[in-house]
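No hydrogens, no waters, no symmetry mates; every other heavy atom, side chains included, goes into these values. Chain identifiers are assigned alphabetically (A, B, ...) following the order of the sequence lines, protein sequences preceding nucleic acid strands; residue numbering begins at 1 within each chain.
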Amino acid sequence: MSDSLGVFDEYERAYCDAATAASRLLASSKSSPAGGDERTNNLRQADTQITEAESLLRRMDLEARSASANAKTTLLARLKDYKADLANLKKECRSAAAPGGAAGTDAAQRAELGLGEDFASTAAGQRQRLLDGTARVNASGERIRQSRQTLAETEELGSEILGNLHAQRETIVHARDTLYEADDNIGQSRRVLVSMARRALTNKIIMGGVILVLIAAIFLIVYYKFIRSDH
Amino acid sequence: MADASKARELVAKAEKKLAGWSLFGNKYEDALELLEKASANLKLAKAWSEAGECFLKIAQVQQKLDSAHEVASAYVDASNAFKKTSQPKSEECLRLAVKAYTDMGRLGMAAKYLRELGENAEGRGEKETAVDLLSQAGDLFDGEEQKSEANKAMLKVASLRADLGAYAEAMEGFETVSKRSVDNNLLKYSVKTYLLQSSICAICLSFDKNEPEYVERVLEKYEDIDPSFGGSREHKFLQDLQKARVEGDVDAFTAVVQEFDAMSRLDTWKTNLLLTAKRKLEADEDDLT
C-alpha cells in the first residue's frame, strides 16, 4: 500500500511541476505582445506541459483507484481538485491561443475601461473572500455552539423524563400488586360465600328433617291418643 | 348564600342528634350523613374555614365509630379546606392525618402527606423543619419499597442540607441516590447530575476542611460509582474548578463557571453554592496576602 502511495506522490510532484510551468508560461505569454514569436512559442510549450499534466493525472487516477479504501477517498478528492485546476489552465491556454489573442485584447479593453484584473485575483478581492470565509466560519461556530446548548438541554430533559417514567413504572407495578392482592381477597371471599351457602343449605335440610320428625311425632301422638283411647 | 345557611342548619341538626340519644339506629351514622351534606354545601358556598371545621367534626364522629381510614381521609379533607384560609390550621390537620395513617400502618400514605408538609415548610423557608419532615418521608417511602419517591425525597433533603451548610450529610445523600440509580437503565442518565451536585458540595466542604485536594479524591470516587462520569462535561467543569481552587485563582474560577453556564444554565441551587465557594475562595486569598 505504501508502495502505491509512493508512486502516487511521485506522479503528484511531477504533475505540480508541469502545472506550475504551464501557468508560468501562460502568464508570460499574456504579457508578451500579441502575435509575436515568443508568445506563440510560449503558448505551444504551455500546451505540451498541459498535455503531459493530463497524462500524469490519468496515471494518478489509476493509482488512486488501486489504493486501499480509506486512502482512496482522500486521494480521489485531491485528484478532483487537480482536474479542476487543469481544466482552468486548458481554458486559459485556449483563449490565449485564439487568433488575435482574445485574452490579450480583452485585458487591454478592460484596462482602458478602468477595470483592473479579475476582481477575484486582486488583493482586495482575496481579502473580501477571506472576510466572507471568516464570517461564515464564525456563523457556523455559533450555530454549533447553539446546537450543543440545545443538546445539553435536551439531555437534561431526557434524563428527567426517564426519571418520571421510572416513577410511573413503580406506580404501575405497585398498582398491579395491589390489584393482585385485591384479586386474592375477592377469591377468598368467594370461597367463604360458597361455604356459607352450603351451610345454609345443610341448615335448611336439617330443619326440614326436624320438621318432618316433629310432624311424624304429632301424628303418632294423635294416633295413640285417639285411636287407642277409642278401644 | 343559600348553600351556607342550609349547611349551617344541617350542622345544627347534626349537633342536636349527637347531643341527644336515639334508641333506634345509630345516632352517629345519622349525624355523619348530615355533616357530609353540610360540608359539601359549605364547599359550594366557598366558606372554607367552616368547611374545615365541619370536616374536623366528621373526623371526631368517625373516631367514635372506630373507622380509622375515614378519620384520616376526613383530616386530609379538612386540611385541603383550611389551605385556602389558614395555612397553620391546614398543616395541623395534615399532621393529624399523618398520625392516623401511621397508626393504621398505611405508611405510604403517611409518607405522601409528610412530604407535602415538608414542601410547605420549605416554601415558608423553614429549612430545618423541611429537612426533618422530608427525611422522615424518605425513610417511610424506602420502607414501603417506593424507591423513586424515596430517592426524590432524599435528593430534596440533600439539597436542603447543602443550603444549610451541612455539606458532608448532603454528599452522603447524593451518593446514596447515585449508587441506587446507576444500575437502573432509566435512571443512570440522571446520575451525572447528582454527582455534579455532590461535587459542588465537596468543593464547599473542602474549604471548611481546609483540604484543597479533597475534591480530587471525591472525583475519583465518583468515577468509580459511574464510569461515564469521567470524561463528561460536568467532570471537566469540576476539574477546572478544582484547578482554580487549588491555585486560589478567583478570576479563573469565575471564568470556568461562566463557560459552563453558557452551555447549560446553572439553576438557583448551584448558583448559590458556587457563590458560597467563590466567597470562601476570596476569603482564603485575602488570608494569604
Side-chain angles (χ1 to χ4, degrees), chain A residues 70 130-197 200, chain B residues 105-109 111-112 115 137-138 140-156 174 177-178 180-197 226 228-229 231-237 258-267 269-270:
Chain A
N70 51 351
L130 198 65
L131 284 178
D132 284 353
T134 322
R136 260 207 298 282
V137 167
N138 282 344
S140 7
E142 178 62 22
R143 263 211 297 283
I144 289 171
R145 204 188 60 75
Q146 268 175 8
S147 25
R148 275 185 59 169
Q149 198 172 343
T150 320
L151 215 62
E153 271 167 30
T154 317
E155 191 189 344
E156 210 171 292
L157 205 68
S159 67
E160 208 171 287
I161 289 170
L162 284 175
N164 284 343
L165 272 179
H166 182 259
Q168 281 165 11
R169 183 197 152 86
E170 215 163 63
T171 316
I172 290 170
V173 169
H174 207 255
R176 208 185 54 173
D177 285 352
T178 323
L179 203 64
Y180 279 134
E181 226 170 90
D183 194 28
D184 268 2
N185 288 341
I186 289 172
Q188 227 164 10
S189 53
R190 192 212 300 274
R191 242 172 293 136
V192 172
L193 276 179
V194 167
S195 73
M196 270 166 76
Chain B
R106 300 288 306 273
L107 297 183
M109 293 295 270
K112 199 177 132 205
R115 189 182 58 193
L140 287 183
F141 275 131
D142 205 23
E144 288 290 283
E145 284 299 306
Q146 299 194 14
K147 291 289 179 207
S148 62
E149 297 291 340
N151 282 355
K152 236 190 263 171
M154 272 174 101
L155 284 174
K156 194 96 217 167
F174 284 127
V177 177
S178 304
R180 269 196 211 162
S181 307
V182 81
D183 293 328
N184 190 307
N185 266 342
L186 289 173
L187 297 178
K188 67 180 173 196
Y189 299 101
S190 313
V191 173
K192 249 186 338 192
T193 328
Y194 306 152
L195 291 179
L196 174 65
Q197 285 178 308
D226 178 15
S228 72
F229 184 60
S232 66
R233 203 160 53 87
E234 285 82 356
H235 190 254
K236 193 179 163 291
F237 168 61
Q258 256 171 6
E259 193 191 327
F260 190 80
D261 185 63
M263 194 53 74
S264 54
R265 231 182 122 67
L266 293 164
D267 56 23
W269 184 85
K270 288 189 198 107

So, the part of H166(A) with a heavy atom under 4.5 Å from chain B: the answer is both
Separation between CG (L151(A)) and CE (M263(B)), nearest 0.5 Å, reads 9.5 Å
In short, salt bridge (charged side-chain N to carboxylate O under 4.0 Å, His left out) pairs touching residues 141-151 of chain A with sequence neighbours left out are E142(A)-R145(A)
Cut-off 4.5 Å, heavy atoms of chain A, and the answer for K147(B) is both
Okay, Q146(A) and chain B: the region with an atom under 4.5 Å from a heavy atom over there is neither
Distance col, row L165(A):CG vs S148(B):OG, nearest 0.5 angstrom, shows 11.0 Å
CZ/F229(B): more than 12 non-hydrogen atoms of other groups inside 6.0 Å: yes
d(L162(A) CG, N184(B) CG) to nearest 0.5 Å is 9.5 Å
Distance col, row E155(A):CD vs R233(B):CZ, nearest 0.5 angstrom, shows 7.5 Å
message = Would you say that more than 12 heavy atoms from the other residues, nucleotides or ligands in this model lie under 6.0 Å from the NZ of K112(B), or not?
response = no
So, the part of E170(A) with a heavy atom under 4.5 Å from chain B: the answer is side chain
Between the CD atom in Q149(A) and the CZ atom in R265(B), the distance rounded to the nearest 0.5 Å is 10.0 Å
Pair count under 4.5 Å, heavy atoms only, with chain A: among A262(B), S264(B), G108(B), highest is A262(B)
Cut-off 4.5 Å, heavy atoms of chain A, and the answer for N151(B) is neither
